A.B. asks: 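Encoded as structure tokens, here's the structure I'll be asking about.
Along the sequence shown, the residues carry numbers beginning at 1. This structure is a prediction, so every number in the text was calculated from the model and none was measured.
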Amino acid sequence: MTDERDTRRGEYGADDGDDTAAAQRPSGKRSARRSRSASSGASDTGSIATIDRPARKAEKKSGGAERGGSRNPFKRLFKFLREVIAELRKVIWPNRKQMVTYTTVVLVFVIFMVAFISGLDLAFIKGVDWLFG
């Protein structure tokens, strides 16, 4: 692939037979990653884009102390309930017509499913009686 070289002509893009201009000025993430992996000795195929990140084990160990909240469970419960009420005020509640429609749809579906499962159960009972009779 030629995406790691700067193909523009100019002060850095002059091509006089060697690839020193491309090595001096990387044009993208792949060339920076390849130069980083070449210095560490790892081989990179270029098919998977990964970022080296430091481990966060030290942060997880002290996560409880740095959380910033109070340890009183009643205060946390009260705060949670206040947030729940605030979120419920944001909800757009259905009107009476919508509620009747939704309730009717749910009840019809439940009645259909009960009848269907009962029919299957009856069919399996008849089949087992016929088979093992």
Side-chain angles (χ1 to χ4, degrees):
M1 291 187 178
T2 60
D3 61 345
E4 65 188 30
R5 290 191 194 132
D6 191 3
T7 57
R8 292 174 287 171
R9 298 291 177 195
E11 136 181 46
Y12 291 103
D15 192 12
D16 54 351
D18 60 286
D19 289 326
T20 57
Q24 289 176 356
R25 183 176 174 217
S27 63
K29 293 179 184 177
R30 279 194 189 140
S31 56
R33 188 174 65 230
R34 285 183 182 152
S35 66
R36 199 173 44 224
S37 67
S39 65
S40 66
S43 64
D44 186 21
T45 61
S47 62
I48 300 173
T50 58
I51 299 172
D52 297 331
R53 293 189 177 132
R56 295 186 176 189
K57 292 182 180 177
E59 292 178 14
K60 289 184 179 179
K61 290 180 183 176
S62 63
E66 295 178 6
R67 232 178 3 188
S70 68
R71 288 224 177 259
N72 188 351
F74 294 110
K75 285 185 179 179
R76 289 191 300 161
L77 179 65
F78 185 67
K79 180 183 176 192
F80 173 73
L81 291 175
R82 278 190 308 175
E83 291 175 1
V84 166
I85 291 170
E87 289 297 320
L88 285 175
R89 286 185 180 142
K90 296 177 187 177
V91 172
I92 300 173
W93 295 97
N95 58 22
R96 184 175 181 88
K97 183 180 177 185
Q98 290 172 334
M99 282 300 297
V100 169
T101 303
Y102 298 155
T103 305
T104 305
V105 167
V106 168
L107 289 176
V108 167
F109 180 75
V110 167
I111 290 170
F112 172 76
M113 289 306 293
V114 166
F116 180 71
I117 301 272
S118 297
L120 284 178
D121 187 42
L122 184 65
F124 281 124
I125 287 173
K126 296 272 187 186
V128 168
D129 280 346
W130 174 79
L131 188 63
F132 297 111

A.B. asks: Name each donor-acceptor pair under 3.5 Å that joins a side chain in residues 126-133 to protein atoms two or more places apart or in another chain, with its distance.
C.D. replies:
none

A.B. asks: Hey, could you give me each pair passing side chain to side chain donor-acceptor pair (under 3.5 Å) that has a residue in residues 82-97? Not counting sequence neighbours.
C.D. replies: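 Those involving residues 82-97 are Glu87-Lys90.
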A.B. asks: According to a hydrophobic-cluster definition based on side-chain heavy atoms being under 4.5 Å apart (Ile, Leu, Val, Met, Phe, Trp, Tyr only), do Leu88 and Phe78 belong together?
C.D. replies: no
A.B. asks: Could I get the full list of side chain to side chain contact (heavy atoms under 4.5 Å, CB included) partners for Asn72, not counting sequence neighbours?
C.D. replies: Ser70, Phe74, Lys75
A.B. asks: In a table with atom names and distances, give each donor-acceptor pair under 3.5 Å that connects a side chain of residues 103-115 to protein atoms at least two apart or in another chain.
C.D. replies:
from   : atom 1 : to     : atom 2 : distance (Å)
Thr103 : OG1    : Met99  : O      : 2.7
Thr104 : OG1    : Val100 : O      : 2.7

